[in-house]
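Notes for the one structure printed next.
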Amino acid sequence: MRHTRGDPAEGPREEPTPGSDRVCVRDQMSRPAVTIATTAPLAEASRLMALNRIHYLPVVDPHARLVGIVNADDVRGTRRPEGPGPETVEAVMSAPAVAIGPAAPLTEAMRLMLDRGIGALPVVEAERVVGILTQSDVVAAAARGATS
């Protein structure tokens, strides 16, 4: 299942005017975000990524609060030396995760991704992951003219 770009139950949303300051992260983020627990095996992370055709998983604690993020390279171990590898998500996640709020301007999120050299930002509201903004979401917004 691919993330949807909005909640159909909310009805049609007003499309922001291209180039306006009204273009917020919530307008472009993928939701719902697929998350994973710190204690989950790497095999489960790999399964979730393949099943959902995604490359990033926000990592949450037992209270569903964001504590880190893993990407496909972390899970596959492509950046680790050979030998026995870690078995849980917690061992390979990047922590703390860089996150952003849904009301933040898209341009702020883009700048943050560029400055930090990251490909995804978990979107957090009231300490809960409500979505994720990826490079693909930003490219799609740019193609529609929502970032100019």
Side-chain angles (χ1 to χ4, degrees), residues 1-16 20-81 83-142 146-147:
M1 172 182 130
R2 179 75 178 127
H3 299 294
T4 60
R5 301 285 182 244
D7 185 351
E10 294 174 356
R13 66 174 179 219
E14 182 181 329
E15 287 297 320
S20 76
D21 291 334
R22 293 181 17 209
V23 181
C24 296
V25 168
R26 81 167 43 89
D27 300 321
Q28 306 303 324
M29 70 184 190
S30 296
R31 59 181 155 195
V34 178
T35 62
I36 194 159
T38 56
T39 57
L42 289 178
E44 174 66 6
S46 183
R47 186 190 73 75
L48 281 173
M49 287 179 172
L51 179 68
N52 293 286
R53 297 172 41 196
I54 56 178
H55 301 282
Y56 299 92
L57 287 171
V59 181
V60 295
D61 69 12
H63 303 287
R65 290 183 299 236
L66 180 68
V67 294
I69 190 165
V70 292
N71 65 34
D73 289 333
D74 298 329
V75 171
R76 285 190 226 116
T78 56
R79 296 183 186 167
R80 290 191 302 265
E87 296 182 15
T88 65
V89 169
E90 185 173 32
V92 299
M93 71 181 186
S94 296
V98 178
I100 198 158
L106 182 61
T107 53
E108 178 184 331
M110 293 166 61
R111 214 173 358 263
L112 187 57
M113 292 170 82
L114 180 64
D115 291 348
R116 298 286 184 102
I118 55 178
L121 286 170
V123 182
V124 176
E125 185 171 45
E127 296 188 14
R128 300 290 186 260
V129 178
V130 295
I132 189 165
L133 183 73
T134 66
Q135 289 176 337
S136 296
D137 297 323
V138 171
V139 168
T147 62

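By convention here, the first residue in the shown sequence is residue 1.
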Val98: partners by side-chain contact (heavy atoms from CB on, under 4.5 Å), with sequence neighbours left out: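 Val98 satisfies side-chain contact (heavy atoms from CB on, under 4.5 Å) with Leu112, Arg116, Ile118, Leu121 once adjacent residues are dropped.
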
Can you sort out the partners of Glu125 under side-chain contact (heavy atoms from CB on, under 4.5 Å), two or more places apart, ordered by chain and number?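 With neighbours one apart ignored, the set is Arg26, Pro102, Val130.
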
Considering non-hydrogen atoms only, spot the tightest contact between [X] and [Y] and give its length.
X: Ala109; Y: Leu133; value: CB-CD2, 3.5 Å
X: Ile132; Y: Ile69; value: CD1-CD1, 4.4 Å
X: Gly119; Y: Tyr56; value: CA-OH, 3.3 Å
X: Ala37; Y: Val89; value: O-CB, 3.8 Å
X: Gln28; Y: Ala141; value: OE1-CB, 3.3 Å

Anything under 3.5 Å between a donor and an acceptor, one on a side chain of residues 60-68, the other on a protein residue two or more places apart or in another chain? List them.
from  : atom 1 : to    : atom 2 : distance (Å)
Asp61 : OD1    : His63 : N      : 2.8
Asp61 : OD1    : Ala64 : N      : 3.1
Asp61 : OD1    : Arg65 : N      : 2.9
Asp61 : OD2    : Arg65 : NE     : 3.3
Asp61 : OD2    : Arg65 : NH2    : 3.4

List, one per line, each side-chain donor-acceptor pair under 3.5 Å for residues 39-46, sequence neighbours excluded.
from  : atom 1 : to    : atom 2 : distance (Å)
Glu44 : OE1    : Arg47 : NE     : 3.0
Glu44 : OE2    : Arg47 : NH2    : 2.9

Are [X] and [Y] close enough that some pair of their side-chain heavy atoms sits under 4.5 Å apart?
X: Asp73; Y: Arg76; value: yes
X: Thr88; Y: Thr38; value: no
X: Glu90; Y: Val59; value: no
X: Ile54; Y: Leu57; value: yes
X: His55; Y: Asn71; value: no
X: Met93; Y: Ile36; value: no
X: Val70; Y: Met49; value: yes

